[in-house]
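Here the structure is laid out as structure tokens; the discussion comes afterwards.
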Number of protein chains: 2
Amino acid sequence: MTTGPRRSQRRTEALSRERIVEASVELLDATGESGLTFRALAQRLTTGPGALYHHVAHKDELLGAAVDAVVTAAVTVDPPGAAPLKGSPQDAVRAVATGLFDATEAHPWLAPQLAARLARGHGGTAAPRIFESLGRQVRAMGAPRESWFTVTSALMHYILGAAGQNAANAANARTLGPDASRARFLDAASTAWEGLDPDDYPFTRAVADQMRGHDDREQFLAGVDLVLAGIAASRPAAG
Amino acid sequence: MTTGPRRSQRRTEALSRERIVEASVELLDATGESGLTFRALAQRLTTGPGALYHHVAHKDELLGAAVDAVVTAAVTVDPPGAAPLKGSPQDAVRAVATGLFDATEAHPWLAPQLAARLARGHGGTAAPRIFESLGRQVRAMGAPRESWFTVTSALMHYILGAAGQNAANAANARTLGPDASRARFLDAASTAWEGLDPDDYPFTRAVADQMRGHDDREQFLAGVDLVLAGIAASRPAAG
DNA sequence: ACCTGAACACCGTTCAAGT
DNA sequence: ACCTGAACACCGTTCAAGT
């Protein structure tokens with residue numbers, strides 16, 4: 001009673017690394033980092049925990065694969081011979097930054113994971129992918145070759161750090177309640193800063209009101225532009 | 001046979017939050033992040049795991065306290081009325097950056113922890129401390145007030161990100177063996193980059209040789225200078 | 001108030017046994 | 001080759017019982 005090759009088994013679709021990673025992302029989105037468990041994951045895939053080990057070596061690899069999947073979807077590296085993007089390299093950098101900013105907000109677990117993995121030197125494919133897509137634009141901007149590594153690193157670290165910071169704000173805001181949450185949280189955070197010891201934290205207190213009512217994305221892109229300005233400033237005069 | 005207040009009990013020095021945090025840092029340094037366990041920590045302090053909960057609420061708080069302790073030792077925020085530092089604000093920024101760079105190298109667990117906590121918005125006192133000490137210099141550089149938040153954030157994110165990256169390199173290098181390890185590891189990393197797909201990663205490959213033989217600290221400080229250049233460039237002409 | 005340490009409710013991971 | 005699911009060796013955390 002086999003029905004042949006087409007309409008392959010639906011209900012018990014064979015386990016695969018791809019399906020496992022996909023389910024992991026869903027589970028992470030739904031339950032947070034602490035919710036990703038081999039037992040919970042197995043249940044969602046209607047199998048046993050041991051089965052997963054036929055497709056992933058250990059949990060850290062699984063988390064890394066989830067990070068890679070999400071980052072890959074967020075930042076598209078153009079194919080080699082593709083037509084040059086319309087717009088300036090600066091615009092392309094902003095596009096990459098925005099993609100990561102959005103991914104980081106959509107997947108609250110992403111930023112901490114990515115940050116921790118970068119700091120451990122386990123970028124997986126996510127880190128090289130981001131580095132590459134930013135670096136191409138740095139080159140296109142005419143930065144001197146010796147500065148490529150430094151400049152691209154600075155861009156990448158700022159983008160990931162600031163996007164992560166924003167994601168944390170967004171996640172914390174969600175904690176306070178669903179409505180008018182953003183403004184409310186920023187207000188709370190800003191008030192918290194204002195509550196710091198005036199003797200120890202004069203600068204942070206002075207800056208606290210800048211957090212209130214400012215658009216995160218705008219603030220974030222302003223930082224990107226700052227680094228871009230640094231690149232332009234240290235570039236030899238065109239000629 | 002009590003000997004009075006002086007020469008208080010030595011062997012079984014009373015448990016305290018401070019002692020616990022101190023022992024945690026030692027344990028982290030010696031055994032890495034996975035080695036910090038309530039049982040191992042209790043054993044080191046010759047007590048039971050339950051006793052620790054009288055001084056710390058949970059493990060995350062303990063780790064946070066360890067991070068704070070190490071960062072506090074690394075970056076000294078000058079007291080309020082202190083004499084201005086000799087040297088330019090730029091030099092002061094480089095000093096803070098170097099302090100974090102060194103701390104991050106001395107405590108391999110620091111960078112991942114700090115990165116993850118920042119990305120979760122749990123800076124503890126570490127984040128405000130770093131932000132404050134950098135921000136004061138930003139202000140001293142004459143950056144326009146509206147840019148303080150953005151500019152200081154960019155500096156902080158670059159410094160922590162790049163210092164963490166370097167720490168990861170150093171830690172990985174240690175893995176390969178104790179001798180001539182740095183050069184050897186950079187060579188290996190550089191070779192790994194050169195092994196990337198030429199179609200997908202042309203930029204990263206082109207930049208791979210810049211990693212070889214370059215001084216990490218120098219590279220790191222060059223990045224700091226880049227951000228500083230961006231600040232200077234976006235500052236209104238002095239007048 | 002502080003400490004003890006057994007006990008609880010989990011984990012990641014392994015592995016004999018099945019198909 | 002792949003899957004099953006019980007079992008192992010841990011965890012963080014709690015809590016009755018002690019001092």
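Throughout, protein chains are lettered first and strands after them, A, B, ... in sequence-line order, and every chain is numbered starting at 1.
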Modelled atom types, side-chain donor and acceptor of B:S153 and A:Q165, under 3.5 Å
no
Under 3.5 Å for both donor-acceptor distances, Watson-Crick or wobble: does C:dA7 have a partner, and if so which one?
D:dT13
How many Å lie between CZ on B:R19 and C1' on C:dC2, as a whole number?
14 Å
Within-4.5 Å side-chain heavy-atom neighbours: A:F101 and A:L221
no
Taking 4.0 Å as the cut-off, does a side-chain nitrogen or oxygen of A:H55 come that near to OP1 or OP2 on D:dC2?
no
Counting only heavy atoms not in B:E26 (residues, nucleotides, ligands), do more than 12 fall under 6.0 Å from its CD?
yes
Partner residues of A:Y201 under the ring-ring contact (aromatic ring centres under 6.0 Å, His included) criterion, sequence neighbours left out
none
A:L52 CG to D:dG5 P, straight-line distance once rounded to whole Å
13 Å
Test: A:D60 and A:R117 ion pair at under 4.0 Å
yes
I'd like a list of close polar pairs between nucleotides 8-13 of chain C and the protein, N/O only, cut-off under 3.5 Å.
from: C:dG12; atom 1: OP1; to: A:K59; atom 2: NZ; distance (Å): 2.8
from: C:dG12; atom 1: OP2; to: A:F38; atom 2: N; distance (Å): 3.2
from: C:dG12; atom 1: N7; to: A:R39; atom 2: NH1; distance (Å): 2.8
from: C:dG12; atom 1: O6; to: A:R39; atom 2: NH2; distance (Å): 2.8
from: C:dT13; atom 1: OP2; to: A:Y53; atom 2: OH; distance (Å): 2.9
from: C:dT13; atom 1: OP2; to: A:K59; atom 2: N; distance (Å): 3.0
from: C:dT13; atom 1: O5'; to: A:Y53; atom 2: OH; distance (Å): 3.1

Spacing of B:H54 atom NE2 relative to C:dG5 atom P, expressed in whole Å:
13 Å
Considering Watson-Crick and G-U wobble pairs with both distances under 3.5 Å, what does D:dT19 pair with?
C:dA1
Quick one, A:R17 with A:E61, criterion salt bridge (charged side-chain N to carboxylate O under 4.0 Å, His left out). Give me CA distance, side-chain angles, the key distance, then yes/no.
CA-CA 11 Å; A:R17 189 183 157 92; A:E61 191 198 294; 2.4 Å; yes
Atom CG of A:L15 and atom P of C:dT19 are separated, to the nearest Å, by 19 Å
